[in-house]
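To start, the structure under review is shown below, and the notes come after it.
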Amino acid sequence: MSATKPADQDVLRTAAEAATWAPSVHNSQPWRFEIHDESLDVFADDTRWLHAIDPTGREMHISCGAAIFFARLALRGLSRRLEVSLLPDTANPAHLARLTVVAVEDPTTEETDLIRAIPVRYTDRGRFDDEALPVDLVTALMAGVGDYGAWLRPVTSEDDAIATAVLLAHADDTEQVDPAYVAELQRWSRYDAGATDGIPRQAVSDVPVGERASMYRLRDFDVDGRARSGTTGRVDSPPAAEHPFVCILGTPGDDTRSWLEAGMALGWLLLRATSAGVVAQPMTQPVEVPAARIRLSQALGLVGHPQMVLRMGHGSGQPTTHRRAPGTVIDLD
Ligand SMILES: Cc1cc2nc3c(=O)[nH]c(=O)nc-3n(C[C@H](O)[C@H](O)[C@H](O)COP(=O)(O)O)c2cc1C
């Protein structure tokens, strides 16, 4: 590392590569990066916008917000201090962020822990054990998302849990009967283990969602029934009930900036959880169906707008998805 030259293209490129490991809806990776002398610019790639599940582009922006957070963190890991400007170009709404390197400065211990979590983090669609999340971790997660303008609401009371579960099932039913939703999910399903985008077979749980002993309906990624075919009909004894920690990530506003902030908060939340040995799976169906989203806010008395619903816990999986080659998403000046 050069102590005299805060920004150079190698540093910015390394950060952009780290950003590609952010989570994104259906692993669509709806982003593009441009490297300039002193800055890394992040753009939305709306050719990868999932119009059926995400007609407003909200989840595309949340995904990009997570990538912005990962890029920012990676630059901190390379001992760069930076300024982050969201939506810097009013004439170009696809220009989501400019990360400008302003100085050399060592990362904090927490930042170093989060950086280590980037290659380890993954979406876990398997069973979580019943060990409760440590109270101090939940407290830290609730406080930490505030740094990005978001809030986190654990779903703890029985009434809140039932309302969330009912709205999740209702939203999931609504999506499952929408041919455009199903066709889009099929388009983003991958059967080649080396696929560089989309949801690969190995990321889909082999336990059919309908056979899980859980009040929370997970999204059914088994679009062709291949994962399901191995297990249906051989359930000898009922599986033990799952009791994941469920929470809602939200923001005071519901515009493009709020979605980016929700994505940055999501990026932080997932890495902070990973560094504490905790895995997560988004269950975003109720925030995708407008009526369910409104009713979720009303039922739980949320102040602001729910952006993500997540289950968290202790899992036993590992990363399973891949990313497109850096050269296809990173442009040098
Ligand atoms: C906005 C958003 C919504 C998501 N919704 C779901 C969901 O409802 N169910 C699910 O299993 N995963 C969901 N995911 C996780 C993505 O499918 C996952 O991040 C992507 O496939 C990449 O895999 P990885 O997280 O293991 O790296 C969502 C992610 C984002 C950013």
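Both backbone and side-chain heavy atoms feed into the values below; hydrogens, waters and symmetry mates do not. Atoms within a ligand are numbered from 1 in the order they appear, just like the ligands themselves. Everything numeric in this text was worked out from a predicted model, so none of it was measured.
- Listed by number with element, the atoms of ligand 1 under 4.0 angstrom from any heavy atom of F221 are 9 (N), 10 (C), 11 (O).
- A cation-pi arrangement is absent between R201 and Y191, since the terminal nitrogen or guanidinium carbon is not both under 6.0 Å from the aromatic centre and inside a 45° cone about the axis.
- Ligand 1 has an N or O atom lying under 3.5 Å from an N or O atom of T123, backbone or side chain.
- The protein atom (non-hydrogen) at minimum distance from atom 19 (O) of ligand 1 is P23 CB, 3.2 Å.
- Taking atom 7 (C) of ligand 1 as the reference point, the nearest protein heavy-atom neighbour is P282 O, 3.2 Å.
- Proximity of R121 to ligand 1 is established by a heavy-atom distance of less than 4.0 Å.
- Cluster membership for V223 and I53, using ILVMFWY side-chain heavy atoms within less than 4.5 angstrom, is shared.
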Test ring-ring contact (aromatic ring centres under 6.0 Å, His included) applied to H61 and W259, step by step:
CA-CA 6 Å; H61 286 93; W259 301 337; 5.8 Å; yes
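- Of the protein's heavy atoms, T284 OG1, 2.8 Å lies nearest to atom 5 (N) of ligand 1.
- Within the listing of ligand 1, atoms 22 (C), 23 (O), 24 (P), 26 (O), 27 (O) sit less than 4.0 angstrom from a heavy atom of T321.
- Counting only distance, with no hydrogens or angles, the side chain of R81 and the backbone of V101 share no donor-acceptor pair below 3.5 Å.
- Interface of N27 with ligand 1, defined as ligand atoms under 4.0 Å from a residue heavy atom, comprises 20 (C), 21 (O), 22 (C).
- Counting atoms of ligand 1 from 1 in the listed order, those under 4.0 Å from a heavy atom of R323 are 22 (C), 27 (O).
- The shortest separation from a heavy atom of R58 to ligand 1 is not under 4.0 Å, leaving the residue out of contact.
- The closest approach between a heavy atom of W21 and any atom of ligand 1 is not below 4.0 Å.
- With hydrogens and angles left out, the side-chain atoms of R293 and Q285 include no donor and acceptor closer than 3.5 Å.
- Applying the 4.0 Å criterion to heavy atoms of S24 picks out, from ligand 1, the atoms 16 (C), 17 (O), 18 (C), 19 (O), 20 (C), 29 (C), 30 (C), 31 (C).
- At least one donor-acceptor pair closer than 3.5 Å links the side chain of R48 to the backbone N or O of S28.
- In this structure, the side chain of T112 engages the main chain of T108 through a donor-acceptor pair within 3.5 Å.
- In the hydrophobic clustering of ILVMFWY residues, with side-chain heavy atoms under 4.5 Å counting as a link, I62 and L73 come out together.
- Distance from atom 2 (C) of ligand 1 to its nearest protein heavy atom, with residue and atom name: M308 CE, 3.7 Å.
- Protein heavy atom in closest approach to atom 17 (O) of ligand 1: R125 NH2, 3.0 Å.
- A cation-pi contact, defined as under 6.0 Å to the ring centre and within 45° of the axis, links R311 to F128.
- Nearest to atom 30 (C) of ligand 1 among the protein's heavy atoms is V25 N, 3.6 Å.
- The ligand atoms of ligand 1 that sit less than 4.0 angstrom from a heavy atom of S63 are 31 (C).
- Each of the following atoms of ligand 1 lies closer than 4.0 Å to a heavy atom of Y122: 26 (O).
- A salt bridge does not link D197 to R323: none of the charged nitrogens lies less than 4.0 Å from a carboxylate oxygen.
- Residue-ligand proximity, R219 to ligand 1, at heavy-atom distances under 4.0 Å covers atoms 7 (C), 8 (O), 9 (N).
- Looking at I199 next to ligand 1, no N or O pair under 3.5 Å apart turns up.
- Classified by interplanar angle (parallel below 30°, tilted 30° to 60°, perpendicular above 60°), the ring pair W31/F33 is tilted.
- R127 contributes a side-chain N or O that, together with a main-chain N or O of A240, makes up a donor-acceptor pair within less than 3.5 Å.
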